[in-house]
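Here the structure is a predicted model, which means the values were calculated and not measured.
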Amino acid sequence: MDPKKDLAVYGYGTVAWKEKMEDWKRKQNEKLQVVKHEGDGDGGDDFDDSDSVTLNFVRMDEGRQPLSRKLPIAASRINPYRIIIILRLIILGLFFHYRILHPVNDAFGLWLTSVICEIWFAVSWILDQFPKWHPIERETYLDRLSLRYEKEGKPSELAPVDIFVSTVDPLKEPPLITANTVLSILAVDYPVDKVACYVSDDGAAMLTFEALSETAEFARKWVPFCKKFSIEPRAPEWYFSQKLDYLKDKVEPVFVRERRAMKREYEEFKVRINSLVSMAQKVPEDGWTMQDGTLWPGNNVRDHPGMIQVFLGQNGVRDLEGNELPRLIYVSREKRPGFEHHKKAGAMNALVRVSAIISNAPYLLNVDCDHYINNSKALREAMCFMMDPISGKKICYVQFPQRFDGIDRHDRYSNRNVVFFDINMKGLDGIQGPIYVGTGCVFRRQALYGYNAPVKKKPPGCCCCFTLCKSGRKKGKSKSKPKDKKNKSSKELSTQIHALEHIEEGVEGVDKGKTMVMSQVKLEKRFGQSPVFIAAAVMENGGVPRGANSASLLKEAIHVISCGYEDKTEWGKEVGWIYGSVTEDILTGFKMHCHGWRSVYCIPKRPAFKGSAPINLSDRLHQVLRWALGSVEILLSRHCPIWYGYGCGLKWLERFSYINSIVYPLTSIPLLVYCTLPAVCLLTGKFIVPSISNYASIVFMGLFISIAATSIMEMQWGKVGIHDWWRNEQFWVIGGTSAHLFALFQGLLKVLAGVNTNFTVTSKGGDDGEFSDLYLFKWTSLLIAPTTLLILNIIGIAVGISDAINNGYESWGPLFGRLFFAMWVIVHLYPFLKGLMGKQDRVPTIIVVWAILLSSVLSLLWVRINPFVGRGGLVLEICGLNCD
């Protein structure tokens with residue numbers, strides 16, 4: 001453009017002239033978002049002004065990019081995997097065609113039993129396999145998150161997060177472990193004013209209360225140390241026990257001195273916690289008393305008032321460097337005789353209500369008391385999904401995999417569960433998202449309130465945004481109503497539930513369009529008799545209403561954790577953690593997916609959370625028993641995925657996964673029968689398969705090869721080692737023939753007959769040293785079935801070999817098939833056998849009993865078989881003596 005011309009000559013337009021250009025630059029500079037990392041330098045000293053401006057614009061463009069992305073499995077791996085699955089289906093059809101058309105007439109009962117078992121195994125495989133059809137991985141960009149939501153010179157715009165820690169019995173869940181979990185939360189790499197930690201003490205134990213008080217005091221020293229030197233992990237017990245060079249990448253000499261001082265402080269802290277535990281072993285006759293002489297309210301665990309104590313956050317307590325600390329709040333809900341408290345699910349719902357009153361963060365993280373934050377940026381990882389402006393609105397929760405400390409390198413009982421977390425969950429992430437596994441999960445609070453996922457914007461004239469699914473429809477009433485009334489009722493139930501006309505006028509953040517639909521009565525029927533909570537529940541972006549003082553909020557918080565608050569409300573039915581099963585996690589995630597939400601599976605390079613797992617056989621089986629019992633309870637409830645949630649937002653393959661997660665205990669019966677068949681075949685001399693033709697040999701070999709190929713492909717794209725895969729296969733047999741079987745009968749008795757049965761664990765012996773719990777033997781009823789299977793198959797092998805020796809060369813050919821079948825069972829039960837034996841130098845008494853029993857049975861069978869006598873009868877020979 002000619003600078004001599006008058007600007008008016010060019011007319012009116014959007015060309016950025018000098019003045020407009022300067023104004024545009026100024027506005028863009030305000031939008032520049034700068035990464036703020038702890039300990040980072042300026043990073044721009046080597047650039048001149050023009051380079052700095054260019055760098056800033058690059059950063060601004062980077063901040064506008066998506067915060068995460070999907071990483072599909074490479075086609076070179078996933079396409080052959082899918083082809084093998086299809087081939088395996090075809091071969092499976094040919095296999096059953098042969099099996100059904102070729103019965104074994106002289107062993108018809110064995111043949112029919114085996115075919116029924118194999119059909120069930122095929123159905124279970126289909127339910128497990130097809131949800132893994134489209135596995136994906138994800139990648140997050142923490143730098144983009146900081147560029148977008150942490151602007152230079154302005155307060156952080158990252159969303160607040162309320163973190164829940166649940167504990168019950170401090171004698172079973174050591175206070176030191178809980179303290180480490182809390183310390184890792186308080187030291188998380190996240191704005192301190194955005195974090196609130198709520199500890200639920202469902203046992204109302206004074207030991208937990210005092211330990212939390214000590215933890216709050218130690219946090220004043222620990223938190224600034226962690227943030228100053230950016231250490232990982234931020235749980236002191238595991239940080240100081242690391243067997244690595246802690247000076248790696250550390251350049252400040254003061255770090256060594258301060259680390260030594262901090263380690264000494266932590267050891268003194270441990271001594272104080274241990275003294276509290278020792279003191280708690282001897283409870284006074286009148287119960288515990290507080291400093292003012294009054295009795296501790298929680299002396300009676302089953303009958304006590306609600307208790308809330310704010311240790312950090314609101315009382316002006318700061319760390320030793322004068323910085324603000326995250327909130328730390330102790331909560332123990334009220335308990336009275338005659339009320340149903342719903343165990344962990346009820347405690348979590350109490351925390352949801354208390355946190356809504358006090359801090360009301362839009363996102364929640366729940367962790368078990370033994371799962372500490374191993375990656376201080378875990379919350380940022382979750383926010384890369386939740387706060388993504390494009391895809392984040394439909395995400396109900398971000399699930400992290402469970403990783404564990406303290407497991408022996410052989411992982412004898414598949415405690416790491418790597419196949420599930422690294423294969424199955426990746427497959428679900430490609431459909432509608434992973435299932436909720438009970439810990440290490442960041443929730444959207446609105447999804448926990450039972451709202452439907454947002455739908456795509458419709459043309460003007462449509463006023464629906466959030467809807468509620470109608471669940472549990474009454475068939476009898478619906479049939480008697482006219483069609484138009486039914487549709488009208490359905491529309492009314494699907495309208496938005498946000499209404500606050502008569503509750504809180506002018507609350508900031510409340511959408512006025514949502515307050516014109518449902519009356520106050522319906523809101524109270526859904527959420528309970530708390531205007532303050534209802535006001536918080538309709539604030540989509542969280543926050544506490546202005547003008548509320550701490551005393552009134554605390555009084556209201558005590559009210560919402562009272563015993564009768566949930567009566568005649570939808571808590572546990574449509575709102576919060578869902579009741580009806582000891583595995584409330586599956587039910588809760590299932591309900592969210594039925595409302596159209598999707599979940600996300602996040603696997604950071606550094607594990608986000610780590611916990612402890614039972615490593616001895618008996619404790620591991622009882623853990624699996626509880627999980628299987630919860631699945632049976634869901635199977636027999638109205639929330640069963642087989643018939644619940646149709647017409648909502650649940651995808652078919654996701655439904656397959658949920659069905660598989662609740663029917664797997666049923667597999668225990670055919671599995672137990674199938675593992676018994678080898679011994680029966682060896683003892684009777686019969687087999688479940690007739691003489692195999694060439695065609696049958698090809699089909700059988702094709703089936704075995706397809707099974708192996710499928711597993712190998714899954715290990716490749718799931719990045720799972722063959723050792724972990726094999727341990728998973730072994731424990732599938734161990735758990736299926738023990739814990740799953742007992743859970744099935746226990747669930748049937750509980751749901752159908754109302755009979756509660758408990759299996760006690762008795763400690764028989766232990767050992768000192770590393771992984772001593774691995775060799776700790778505890779007798780339990782769960783060990784009977786797999787032990788019997790082992791004995792039967794060992795006896796069967798002995799009888800089969802003796803019979804083959806007795807009958808000659810021709811009998812060895814048919815014997816190999818039966819021997820392979822029996823050895824398959826024994827090899828899968830080998831970790832169980834090692835668990836029974838314990839350490840070689842110490843044999844439990846129960847093993848001696850079983851050894852005597854086994855020897856007796858073998859001796860009797862030896863006499864009965866008498867392998868030194870031919871089958872044709874006694875061979876009489878002339879002895880040469882004259883008896884006359």
Side-chain angles (χ1 to χ4, degrees), residues 69-96 118-139 399 401-403 411 414-435 437 600-603 605 651-661 664 667 671 697-733 735-736 820 824 827-828:
R69 67 164 179 159
K70 295 181 182 178
L71 298 175
I73 306 298
S76 60
R77 291 186 175 183
I78 197 64
N79 289 337
Y81 173 68
R82 292 169 178 167
I83 293 173
I84 290 174
I85 292 175
I86 299 300
L87 289 176
R88 184 172 171 181
L89 269 178
I90 296 173
I91 295 173
L92 200 60
L94 297 175
F95 171 79
F96 282 115
E118 289 162 359
I119 291 174
W120 177 257
F121 294 151
V123 172
S124 299
W125 171 75
I126 291 173
L127 292 175
D128 178 70
Q129 185 66 68
F130 278 93
K132 296 182 283 191
W133 183 262
H134 187 63
I136 63 170
E137 295 177 343
R138 296 182 184 271
E139 186 177 58
Q399 178 66 63
Q402 292 185 18
R403 307 299 188 203
D411 193 14
S414 189
N415 281 285
R416 294 189 178 94
N417 213 354
V418 177
V419 172
F420 173 76
F421 285 112
D422 288 1
I423 295 180
N424 294 67
M425 296 286 266
K426 287 180 181 178
L428 291 176
D429 200 17
I431 308 171
Q432 198 175 345
I435 63 176
V437 296
V600 166
Y601 195 49
C602 180
I603 311 180
K605 292 181 180 180
K651 296 183 179 180
W652 275 99
L653 287 180
E654 192 79 13
R655 183 180 297 277
F656 272 27
S657 175
Y658 275 110
I659 292 175
N660 184 53
S661 68
Y664 74 89
T667 308
L671 181 61
S697 300
I698 295 173
V699 171
F700 282 23
M701 289 180 62
L703 183 61
F704 287 131
I705 292 173
S706 65
I707 292 173
T710 306
S711 301
I712 291 172
M713 289 290 182
E714 287 180 351
M715 286 188 284
Q716 284 183 343
W717 62 253
K719 301 174 185 177
V720 174
I722 189 171
H723 179 269
D724 291 317
W725 174 85
W726 175 238
R727 288 303 190 201
N728 182 77
E729 291 295 308
Q730 288 178 314
F731 197 78
W732 176 72
V733 177
F820 174 80
W824 180 90
V827 168
H828 278 76

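Considering only residues two or more places apart in sequence or on other chains, R88 meets the side-chain contact (heavy atoms from CB on, under 4.5 Å) condition with W125, Q129, S706, I707, T710. Annotation: side-chain contact (heavy atoms from CB on, under 4.5 Å) contacts of T667 (sequence neighbours excluded): W120, F121, S124, W732. With sequence neighbours excluded, no residue forms a side chain to side chain donor-acceptor pair (under 3.5 Å) with N728.
The closest donor-acceptor contact from the side chain of Q730 to the backbone of V827 lies under 3.5 Å. Between the side chain of E654 and the backbone N or O of Q432, at least one donor-acceptor pair lies under 3.5 Å. Between the Q399 side chain and the V437 main chain, a donor and an acceptor come within less than 3.5 Å of each other.
For the pair Q402/N415, no side-chain contact is recorded, criterion being any heavy-atom separation below 4.5 Å from C-beta on. In this structure, the side chains of I431 and F130 stay at 4.5 Å or more apart for every pair of heavy atoms. For the pair Y601 and P401, the minimum side-chain heavy-atom distance is below 4.5 Å.
In this pair, W652 and F656 present their aromatic rings perpendicular. The plane angle is above 60°, beyond the 30 to 60° band. The aromatic rings of F700 and F95 sit tilted relative to each other, their planes meeting at an angle between 30° and 60°.
Distance CD1/I84 to CD1/I91: 10.0 Å, rounded to 0.5 Å. Here the straight-line distance linking atom CE of M713 with atom CD1 of I73 works out to 13.0 Å at 0.5 Å rounding. Rounding to the nearest 0.5 Å places CG of N417 at 10.5 Å from CD1 of I423. Expressed to the nearest 0.5 Å, how far CG of N424 lies from CD of E714 amounts to 7.5 Å. Atom-to-atom distance recorded for L653:CG and K132:NZ is 12.5 Å, nearest 0.5 angstrom. Taken to the nearest 0.5 Å, the CD1 atom of I722 stands 7.0 Å off from the CD1 atom of I712.
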Working for side chain to side chain contact (heavy atoms under 4.5 Å, CB included), residues I85 and W133: CA-CA 9 Å; I85 292 175; W133 183 262; 4.1 Å; yes
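Contact record, F96 with E118: CZ-O, 3.3 Å, taken as the closest heavy-atom pair. Contact detail for S657 and P131: the closest heavy-atom pair is N-CG, 3.8 Å. Across all non-hydrogen atoms, the minimal contact from V699 to L94 is CG1-C, 4.1 Å. Of all heavy-atom pairs between R416 and F421, the closest is O-CD1, 3.8 Å. In terms of heavy atoms, R138 sits closest to D429 at NE-OD2, 2.8 Å. Among all heavy-atom pairs drawn from P72 and I136, the shortest one is CA-CG2, 4.4 Å.
Around atom CG of L71, more than 12 heavy atoms belonging to other residues, nucleotides or ligands sit under 6.0 Å away.
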